[in-house]
Amino acid sequence: ASFMPGGAWLCALTLQKGQLVAKGRSNLLEDLQGLEKELGHLEGVSTVRTGAVQREAQGGFGFVFTLTISEVANALVN
């Protein structure tokens with residue numbers, strides 16, 4: 001995906017309780033921060049919440065983002 005910083009990649013995407021959970025790795029904390037910002041600009045995403053961010057023994061960071069999709073959020077409100 002063009003919005004992904006070069007040093008970050010996704011390992012898993014799951015749908016849980018109407019939210020998209022993205023798990024991945026990043027070489028640099030700055031790439032992780034950039035990815036969070038880009039995810040928030042994706043069409044249909046209403047919120048991005050940062051979950052666990054952990055420094056990994058082999059280097060880099062593991063991360064979890066939870067994205068609320070607009071259509072799901074609207075359905076829950078109505």
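Residue indices begin at 1 and follow the sequence shown.
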Test log, rule side chain to side chain contact (heavy atoms under 4.5 Å, CB included), inputs Leu29 and Phe63: CA-CA 10 Å; Leu29 194 55; Phe63 64 84; over 6 Å; no

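- When all heavy atoms of Pro5 and Gly34 are compared, the closest pair comes out as CG-C, 4.4 Å.
- Thr47 is linked by a side-chain contact (heavy atoms from CB on, under 4.5 Å) to Thr68, counting only residues two or more places apart in sequence or in another chain.
- Summarising the geometry, atom CG belonging to Leu10 is positioned 7.5 Å from atom CG belonging to Leu39; distances are rounded to the nearest 0.5 Å.
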Side chain to side chain contact (heavy atoms under 4.5 Å, CB included) evaluation trace for Gln16 with Thr66: CA-CA 9 Å; Gln16 298 177 357; Thr66 303; over 6 Å; no

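- Under the side chain to side chain donor-acceptor pair (under 3.5 Å) criterion, Gln58 pairs with Glu56, sequence neighbours left out.
- A search for side-chain contact (heavy atoms from CB on, under 4.5 Å) contacts involving Glu38 returns Phe3, not counting sequence neighbours.
- Of all the heavy atoms in Ala22 and Leu13, the pair that sits closest is CB-CD2, 3.6 Å.
- Scanning for ring pair (Phe, Tyr, Trp, His ring centres under 6.0 Å) contacts around Phe61 gives an empty result, with sequence neighbours left out.
- In this structure, Trp9 shares a hydrophobic cluster with no other residue, the cluster being traced through Ile, Leu, Val, Met, Phe, Trp and Tyr side chains under 4.5 angstrom apart.
- With side-chain heavy atoms closer than 4.5 Å counting as contact, directly or through intermediates, the hydrophobic cluster containing Val64 also holds Val21.
- With sequence neighbours left out, Leu28 forms a side-chain contact (heavy atoms from CB on, under 4.5 Å) with Glu30, Asp31.
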